[in-house]
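Below is one structure, written out as structure tokens; the observations come after it.
Residue numbers run from 1 in the order of the sequence given.
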Amino acid sequence: MARGRTSWGSVRRLPSGRYQARYRIDAVTHVAPSTFRTKRDADVFLARVRTDIERGVWVDPEAGKITVREYAIRWLRERPNLRPRTVELYEGELRLHILPVLGDLELSQLSSGRVRTWHADMLTGDRPGKSTVAKCYRLISSIMATALEDGLIGRNPCVLKNAGVERPRERPIATVDEVFALAEAIEPRYRTLVLTATFTGLRLGELRALKRKRFDLLHMTVQVVEQLQELSDGTLVTGPPKSDAGSRVVSIPPAMLPELEAHLGAWCLPGEDELVFPGAQGRPFRRASLYTAWRRATRAIGLEDLHFHDLRHTGNTLAAATGASTKELMSRMGHASPRAALIYQHASRERDHAIAAALSDVFSAAKPASSATVVRLPGAADR
């Protein structure tokens, strides 16, 4: 059998006529994952390995033999700072959409092509919605990015451009009259919840965790420092807001003061640690109870497509329409990124165009037909 040897690697000819490349790193012998048709091909492989070693990008081929399933479970377990609801969502995405297809592959086998096929299949047929596909792609991409950091793979196979970007359909925005109609139609317990969600922009989880001591009715502010999450098994978990930016102080429209005072007197237990929007016996209300009341109210006024979270969109759009800056909207909404604030500003500009168009109609209707204004540029000769 023909042999060729370097100081760290060797090539030998097998009885089959093909060539095998071997090399040693840290006293450990590694064999190329496949044989080669010619000795030159084997030498090229060794040269490529040598280059990777010198560049510091060589990956032990044995390291990536752990399956995607094993590594994903470990990845999730090693993130104790994730919120319980986030853990639950990640577990669901892995169990339902990622691991059934990719879970039994070894990390080193998860190629860009396999990821592309998995992603394409997710987008076809009766698969989950595009928003769920984007979330799943972001999750597997994050897992593989950590595998790259751990030296288990040589590159992240998740390279599809914009595959993790969500493009949810635009949600409806209620008018101010519709918001008050909802407040009138819903169960009295939830009337002020509807108004507060709209005119402060607080998330439902932030409203459910809100305590009396967080309200400063003298200065008309509400301090947001926690949120309540309800897991799929009904467990209630109270924790900090979604991000550091979520901890904030939001000003309340002064006109809401009578509503808030009446609500606190009618529905809240005394004591600064009591909930502002309680359910039975002062405990947090259940989402199912709110959503049942919400569906009755939206049906009653013909707004079946409106979700409770759309009240936050409505309030933030109204805030943008007042001329609030991107930074001011970010602070009020509790967002760390300007992306959402810019969306609301864009909506506000569109509304401004609509207002201008309506004013144009008023202008045209009021202007006498004979009063034509001629604008002559300086120096322009009469024709």
Side-chain angles (χ1 to χ4, degrees), residues 85 89 129-132 134-135 165-186 190-210 222 224 227-230 241-243 245-253 255-256 259 276-277 287 290-291 293-355:
R85 180 60 178 157
L89 290 172
K130 292 183 179 180
S131 181
T132 298
K135 287 183 172 70
V165 177
E166 291 183 63
R167 295 182 177 85
R169 68 184 181 91
E170 187 174 345
R171 295 297 311 157
I173 296 173
T175 66
V176 175
D177 288 342
E178 288 170 340
V179 170
F180 277 95
L182 272 170
E184 291 292 336
I186 203 166
Y190 299 119
R191 170 187 168 84
T192 305
L193 178 72
V194 168
L195 298 176
T196 306
T198 303
F199 292 102
T200 66
L202 268 63
R203 302 176 177 90
L204 178 57
E206 295 167 345
L207 291 164
R208 294 176 74 192
L210 196 59
V222 57
V224 183
Q227 66 169 345
L228 188 145
Q229 293 184 325
E230 185 172 338
K242 289 180 66 174
S243 65
S247 297
R248 62 202 188 278
V249 175
V250 178
S251 295
I252 305 168
M256 284 190 63
E259 290 279 353
V276 173
F277 301 107
R287 284 182 308 191
L290 170 63
Y291 292 160
W294 177 263
R295 284 191 293 271
R296 290 198 198 103
T298 53
R299 279 199 301 267
I301 65 172
L303 291 177
E304 291 91 340
D305 291 338
L306 195 72
H307 296 172
F308 187 88
H309 191 70
D310 295 332
L311 296 179
R312 173 171 159 84
H313 296 318
T314 297
N316 291 329
T317 301
L318 292 173
T322 67
S325 68
T326 302
K327 188 173 182 179
E328 289 167 337
L329 287 174
M330 289 172 60
S331 175
R332 187 172 183 83
M333 294 157 59
H335 276 289
S337 164
R339 183 177 66 88
L342 290 172
I343 291 173
Y344 292 117
Q345 285 185 322
H346 175 67
S348 177
R349 286 196 299 274
E350 289 182 343
R351 178 61 186 150
D352 193 52
H353 287 313
I355 293 171

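Interatomic distance, Arg171 CZ to Leu311 CG, rounded to the nearest 0.5 Å: 11.0 Å. Here the CG-CG distance, from Leu210 to Leu228, works out to 11.5 Å after rounding to the nearest 0.5 Å. The structure places CD of Glu259 at 5.0 Å from OG1 of Thr192, a figure rounded to the nearest 0.5 Å. The CZ atom of Arg295 sits 9.5 Å away from the CG atom of Leu290 when rounded to the nearest 0.5 Å. Within the model, atoms CG of Leu329 and CG of Asn316 stand 7.0 Å from one another, a figure rounded to the nearest 0.5 Å. Of the inter-residue distances, the one linking Trp294 atom CH2 with Leu306 atom CG reads 4.5 Å to the nearest 0.5 angstrom.
At least one side-chain heavy atom of Arg332 sits less than 4.5 Å from a side-chain heavy atom of Ser251. A 4.5 Å side-chain heavy-atom check between Phe180 and Val194 finds every atom pair outside the cut-off.
Closest approach of Ala174 to Val179, counting heavy atoms only: CB-CG2, 4.0 Å. Heavy-atom minimum distance, Ile173 versus Glu178: O-OE1, 4.4 Å. Of all the heavy atoms in Phe308 and Ala197, the pair that sits closest is CZ-CB, 3.8 Å.
Looking at Arg248 and Glu206, a side-chain N of the basic residue comes within less than 4.0 Å of a carboxylate O on the acidic one, giving a salt bridge.
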(message) Between Ile186 and Leu193, does the side-chain contact (heavy atoms from CB on, under 4.5 Å) criterion hold? Intermediate values first, please.
(response) CA-CA 10 Å; Ile186 203 166; Leu193 178 72; over 6 Å; no

(message) Working note: Arg208 + Gln227, criterion side-chain contact (heavy atoms from CB on, under 4.5 Å); need CA distance, chi angles, decisive distance, verdict.
(response) CA-CA 7 Å; Arg208 294 176 74 192; Gln227 66 169 345; over 6 Å; no

(request) Could you give me the CA-CA distance, side-chain angles and deciding distance for Ser131 and Lys135, then say whether side chain to side chain donor-acceptor pair (under 3.5 Å) is met? (result) CA-CA 6 Å; Ser131 181; Lys135 287 183 172 70; 3.1 Å; yes

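Remark: side-chain polar atoms of Arg312 are paired, donor with acceptor, to backbone N or O of Gly201 under 3.5 angstrom. Without hydrogens or angle criteria, Thr314 side chain to Thr198 main chain gives no donor-acceptor distance under 3.5 Å.
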